[in-house]
Trainee: 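Just passing along the structure, written as structure tokens.
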Amino acid sequence: MALRITVIGTGYLGATHAAAMAELGFEVLGLDAVPEKVEALARGRAPMYEPGLEELLRRHVAGVAGSTGRLRFTTSWEEVGAFGDVHFVCVNTPQKQGEYACDMSYVDGAVDSLAPHLARPALVVGKSTVPVGSADRLARRLAELAPAGEAAELAWNPEFLREGFAVEDTLHPDRIVVGVRSERAEELLREVYAKPVAEGTPFVVTDFPTAELVKTAANSFLATKISFINAMAEVCEAAGGDVVKLAEAIGHDDRIGRKFLRAGIGFGGGCLPKDIRAFMARAGELGADQALTFLREVDSINMRRRSHMVDLARETVGGAFLGQRVAVLGATFKPDSDDVRDSPALNVAGQIHLQGGQVTVYDPKGMENARRIFPTLAYADSALEAVRGADVVLHLTEWREFRELDPQVLGEAVAQRRILDGRNTLDPALWRKAGWFFRALGRPTA
Ligand SMILES: NC(=O)C1=CN([C@@H]2O[C@H](COP(=O)(O)OP(=O)(O)OC[C@H]3O[C@@H](n4cnc5c(N)ncnc54)[C@H](O)[C@@H]3O)[C@@H](O)[C@H]2O)C=CC1
Ligand SMILES: O=C(O)[C@H]1O[C@H](OP(=O)(O)OP(=O)(O)OC[C@H]2O[C@@H](n3ccc(=O)[nH]c3=O)[C@H](O)[C@@H]2O)[C@H](O)[C@@H](O)[C@@H]1O
């Protein structure tokens, strides 16, 4: 009989994983602690904006006309325990309030809720990003609580998807990494991922700590690459160089590569910032803190980008924000997502607001989430409306819509033709030709 899969926690990762598992042909049951999320998903509605996800849900959610009916959602642990052969844990692992360390309470809570319902053989597979050592601790907890005893086993299978490409990355990943302690666990995971592996996706089998570390190492490397190019942007600004050209030129070397060398206001989101901090905290606990002191620098270069953007904007409007109208284009931490967690764009908007600027924000998909986090900022329904009467325009998230803006049309709406490109994706020549003062991070001023 085909494997039956459950997915615990149906947020950015879990909702996509559940839909993708149904797409691979499995019967899937998703569970979340938030009933509204479960209700929306059960109607085939994605709880967040993620390209292609809603189409996939509608193709599989039971009850949606024409669907395969392979995908259902529930809030019942009992149902999940009775249904699944393989249970994927996809709950959140945020940064602890006021600390660098990871808050494991959601993962611990999920395992504690699930385990008592595991009366028959089952594989619990952690996908959340966790501090190294968590899988070993959770395996012991599972053995203690599951009625099935040793027949309820744990494995670790970190996830590498990017928001905005989540569906594609889940169905066609670069690699699959599994931390296992038995042949049975490996066999079950090979069965789950048989299709992508048959298409050539590398399948890396390892132990628990290595599987956990692969994930935090990968995110640390990506964060380091971004902070490296942003450090080069700082030097370019001081020396009159052009970081965009520099990135292109060093990227032609295959050993360096062109990806993840976009200088700008830096990285944000629900993962890279909190993951490098949790990694440092965990290394400290293990007595290996010296190994990761460079990540402190990666973090501080990154945070400096945001204040640098605020400083440039203040300088551009004459030295003080009081009485100045600032239009902010972009609220999400990256384009093609509605995610505003630790968003550099919103952070910059918030800092300027606190310094007395009249900030108006527009984002194609992130308005609802942004309003929830920063209710005191003003919001506009379009880019054109946001820039009306502005003394300076800040381009902070590189949505395609912003790249296609017409500098002439916007020029008619603003009070002053001044724009700062925080993402280095606008064409300076185009804006300058239309009479704008144009400045980009790490690029020559004219
Ligand atoms: N968002 C992303 O692109 C990626 C996230 N990750 C990792 O995946 C994990 C989840 O991240 P997101 O999906 O972004 O978080 P999220 O906050 O969007 O989703 C987590 C979901 O888990 C639910 N939940 C929390 N505790 C629960 C419990 N005890 N029982 C049932 N449901 C519970 C929440 O209600 C929420 O819907 C994190 O560890 C993250 O670092 C890994 C790769 C990519
Ligand atoms: O662990 C996670 O959750 C995920 O974190 C990142 O994915 P994501 O946060 O969706 O977004 P990225 O595309 O990595 O971008 C992160 C941030 O870096 C910024 N960035 C990215 C690339 C770049 O060259 N420059 C740059 O400033 C983006 O604007 C964004 O704010 C990783 O890329 C995924 O592999 C990983 O699974």
Side-chain angles (χ1 to χ4, degrees), residues 6-18 30-38 40-41 47-48 50 74-77 80 88-95 102-114 126-131 134 157-166 169-170 173-175 215-216 218-223 225-230 233 247 251 257-276 278 302 305-306 330 332-345 347 396-398 422-425 441:
T6 84
V7 176
I8 295 156
T10 53
Y12 284 92
L13 164 59
T16 310
H17 192 68
L31 174 143
D32 201 279
V34 178
E36 297 77 38
K37 224 172 236 191
V38 169
L41 283 161
M48 83 294 283
E50 180 60 49
T74 183
T75 51
S76 161
W77 289 102
V80 160
F88 284 102
V89 178
C90 300
V91 302
N92 39 327
T93 50
Q95 189 176 337
C102 171
D103 177 355
M104 281 293 288
S105 62
Y106 301 93
V107 175
D108 293 350
V111 169
D112 282 5
S113 301
L114 173 67
K127 276 196 99 56
S128 302
T129 303
V130 296
S134 304
N157 168 219
E159 175 59 53
F160 304 97
L161 69 80
R162 300 158 297 167
E163 287 178 26
F165 301 90
D169 285 352
T170 309
D174 286 344
R175 78 297 213 183
K215 174 65 199 177
T216 37
N219 274 4
S220 298
F221 193 85
L222 294 172
K225 219 174 164 188
I226 299 168
S227 278
F228 174 83
I229 202 63
N230 280 329
R258 299 179 71 162
K259 291 180 182 165
F260 264 66
L261 285 180
R262 276 180 287 113
I265 56 168
F267 60 81
C271 292
L272 295 191
K274 61 106 173 148
D275 286 351
I276 60 168
N302 190 54
R305 302 310 288 164
R306 302 177 185 188
T332 54
F333 83 104
K334 66 187 282 191
D336 297 319
S337 171
D338 65 353
D339 197 344
V340 299
R341 288 179 289 184
D342 201 355
S343 163
N347 179 289
L396 302 184
T397 313
E398 67 276 34
R423 290 297 185 178
N424 278 321
T425 50
L441 300 186

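A quick note: this is a predicted structure, and the numbers were derived from the prediction, not measured. Counting starts at 1 for both ligands and their atoms, following the listed order. Just the heavy atoms: all of them, side chains too, but no hydrogens, waters or symmetry mates, feed the values below.
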Trainee: Does Arg262, backbone or side chain, put an N or O under 3.5 Å from an N or O of ligand 2?
Mentor: yes

Trainee: May I ask you to check whether Leu272 has an N/O atom sitting below 3.5 Å from an N/O atom of ligand 2?
Mentor: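 In fact, backbone or side chain, Leu272 has no N or O that close.
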
Trainee: Are Thr6 and Leu31 side-chain neighbours, meaning at least one heavy-atom pair lies under 4.5 Å?
Mentor: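 Of all side-chain heavy-atom pairs linking Leu31 with Thr6, none is under 4.5 Å.
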
Trainee: Are the side chain of Asn92 and the backbone of Pro94 linked by a donor-acceptor contact shorter than 3.5 Å?
Mentor: no

Trainee: Just to be sure I read this right, does ligand 2 sit under 4.0 Å from the backbone of Thr397, its side chain, both, or neither, counting only heavy atoms?
Mentor: neither

Trainee: For atom 9 (C) of ligand 1, tell me which residue out of Val89, Thr16, Thr129, Val91 has the closest non-hydrogen atom.
Mentor: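 Checking each option, the heavy atom nearest atom 9 (C) of ligand 1 is found in Val91.
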
Trainee: Determine, using heavy atoms of Lys259 and all atoms of ligand 2, whether some pair is separated by less than 4.0 Å.
Mentor: no

Trainee: Heavy-atom distance to atom 13 (O) of ligand 2: which of Lys334, Lys225, Arg162 wins?
Mentor: Lys334

Trainee: If you have a sec, work out which protein heavy atom is nearest atom 30 (C) of ligand 2 and how many Å separate them, to one decimal?
Mentor: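 Going atom by atom, the protein heavy atom closest to atom 30 (C) of ligand 2 ends up being Phe333 O, 3.4 Å.
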
Trainee: Please say whether Arg162 places an N or O atom under 3.5 Å from an N or O atom belonging to ligand 1.
Mentor: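 Min N/O separation from ligand 1 is not below 3.5 Å for Arg162.
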
Trainee: Kindly identify the option in Lys215, Glu159, Lys274 whose heavy atom sits closest to atom 1 (O) of ligand 2.
Mentor: Lys215

Trainee: Yes or no: does Trp77 have any heavy atom under 4.0 Å from an atom of ligand 1?
Mentor: yes

Trainee: Going by the closest heavy atom to atom 12 (P) of ligand 1, which one wins out of Asp112, Asp275, Leu13?
Mentor: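 The option holding the nearest heavy atom is Leu13.
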
Trainee: Return the option from Asp32, Thr10, Val111 holding the heavy atom at the smallest distance from atom 35 (O) of ligand 1.
Mentor: Asp32

Trainee: With heavy atoms of Val34 as the reference, note each atom of ligand 1 found under 4.0 Å away.
Mentor: 35 (O)

Trainee: If you measure every N/O of Glu163 against every N/O of ligand 2, is any gap under 3.5 Å?
Mentor: yes

Trainee: Looking only at N/O atoms, are Pro344 and ligand 2 under 3.5 Å apart anywhere?
Mentor: no

Trainee: Contact between ligand 1 and Arg341 is defined here as a heavy atom of the residue under 4.0 Å from a ligand atom; is it met?
Mentor: yes

Trainee: Give the C-alpha distance, both sets of side-chain angles, the deciding distance and a yes or no for salt bridge (Lys or Arg N to Asp or Glu O under 4.0 Å) between Asp336 and Arg162.
Mentor: CA-CA 11 Å; Asp336 297 319; Arg162 300 158 297 167; over 6 Å; no

Trainee: When you compare the side chain of Asn219 with that of Cys271, does any pair of heavy atoms fall below 4.5 Å?
Mentor: yes

Trainee: Mind listing the closest non-hydrogen atom pair of Ile265 and Leu396 along with its distance?
Mentor: CD1-O, 3.6 Å

Trainee: Heavy-atom distances under 4.0 Å are what count here, so tell me which part of Cys271 touches ligand 1: side chain, backbone, both or neither.
Mentor: side chain

Trainee: Looking at Phe160, I want to see if its CZ is surrounded by more than 12 non-hydrogen atoms of other residues, nucleotides or ligands under 6.0 Å.
Mentor: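 It does: Phe160 CZ has more than 12 such atoms within range.
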
Trainee: Going by the atom numbers of ligand 1, which of them fall below 4.0 Å from some non-hydrogen atom of Glu163?
Mentor: 1 (N), 2 (C), 3 (O)

Trainee: List the steps and the verdict of side chain to side chain contact (heavy atoms under 4.5 Å, CB included) for Val130 and Met104.
Mentor: CA-CA 8 Å; Val130 296; Met104 281 293 288; 3.7 Å; yes

Trainee: Answer yes if the side chains of Ser337 and Glu163 hold a donor-acceptor pair under 3.5 Å, and no otherwise.
Mentor: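 Present: a donor and an acceptor within the cut-off.
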
Trainee: Would you call Ile276 and Phe267 a side-chain contact if the rule is heavy atoms closer than 4.5 Å?
Mentor: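 With C-beta onward as the side chain, the pair touches.
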
Trainee: Taking only non-hydrogen atoms of Gly269, do any sit less than 4.0 angstrom from ligand 2?
Mentor: no

Trainee: Which atoms of ligand 1 sit under 4.0 Å from any heavy atom of Thr93?
Mentor: 38 (C), 39 (O), 41 (O)

Trainee: Is the closest side-chain donor-acceptor distance between Lys274 and Thr93 under 3.5 Å?
Mentor: yes

Trainee: Taking a cutoff of less than 4.0 Å between a non-hydrogen atom of the residue and any ligand atom, is Gly268 in contact with ligand 2?
Mentor: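 Yes, that is the case, since the closest heavy atom of the residue is under 4.0 Å from the ligand.
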
Trainee: What is the nearest protein non-hydrogen atom to atom 18 (O) of ligand 2, stated with its residue, atom name and distance?
Mentor: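 The answer is Phe267 CB, 3.1 Å.
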
Trainee: With only distance considered, is Gly109 within less than 3.5 Å of ligand 1 through an N or O on each side?
Mentor: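 N/O-N/O distance below 3.5 Å does not exist for this pair.
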
Trainee: Which is it for Lys274 and ligand 1 at heavy atoms under 4.0 Å: side chain, backbone, both or neither?
Mentor: side chain

Trainee: So which bit of Ile229 gets within less than 4.0 Å of ligand 2, heavy atoms only: side chain, backbone, both or neither?
Mentor: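 The answer is neither; Ile229 stays 4.0 Å or more away.
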
Trainee: So is Ser113 in contact with ligand 1, going by heavy-atom distances below 4.0 Å?
Mentor: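 No heavy atom of Ser113 comes that close to ligand 1.
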
Trainee: Please check whether Lys215 reaches ligand 1 - meaning an N/O of the residue sits under 3.5 Å from an N/O of the ligand, judged on distance alone.
Mentor: no

Trainee: Does Tyr12, backbone or side chain, put an N or O under 3.5 Å from an N or O of ligand 1?
Mentor: yes

Trainee: Can Met48 be said to touch ligand 1, with heavy atoms closer than 4.0 Å?
Mentor: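 In this structure, Met48 fails to qualify as a contact of ligand 1 - no heavy atom is under 4.0 Å.
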
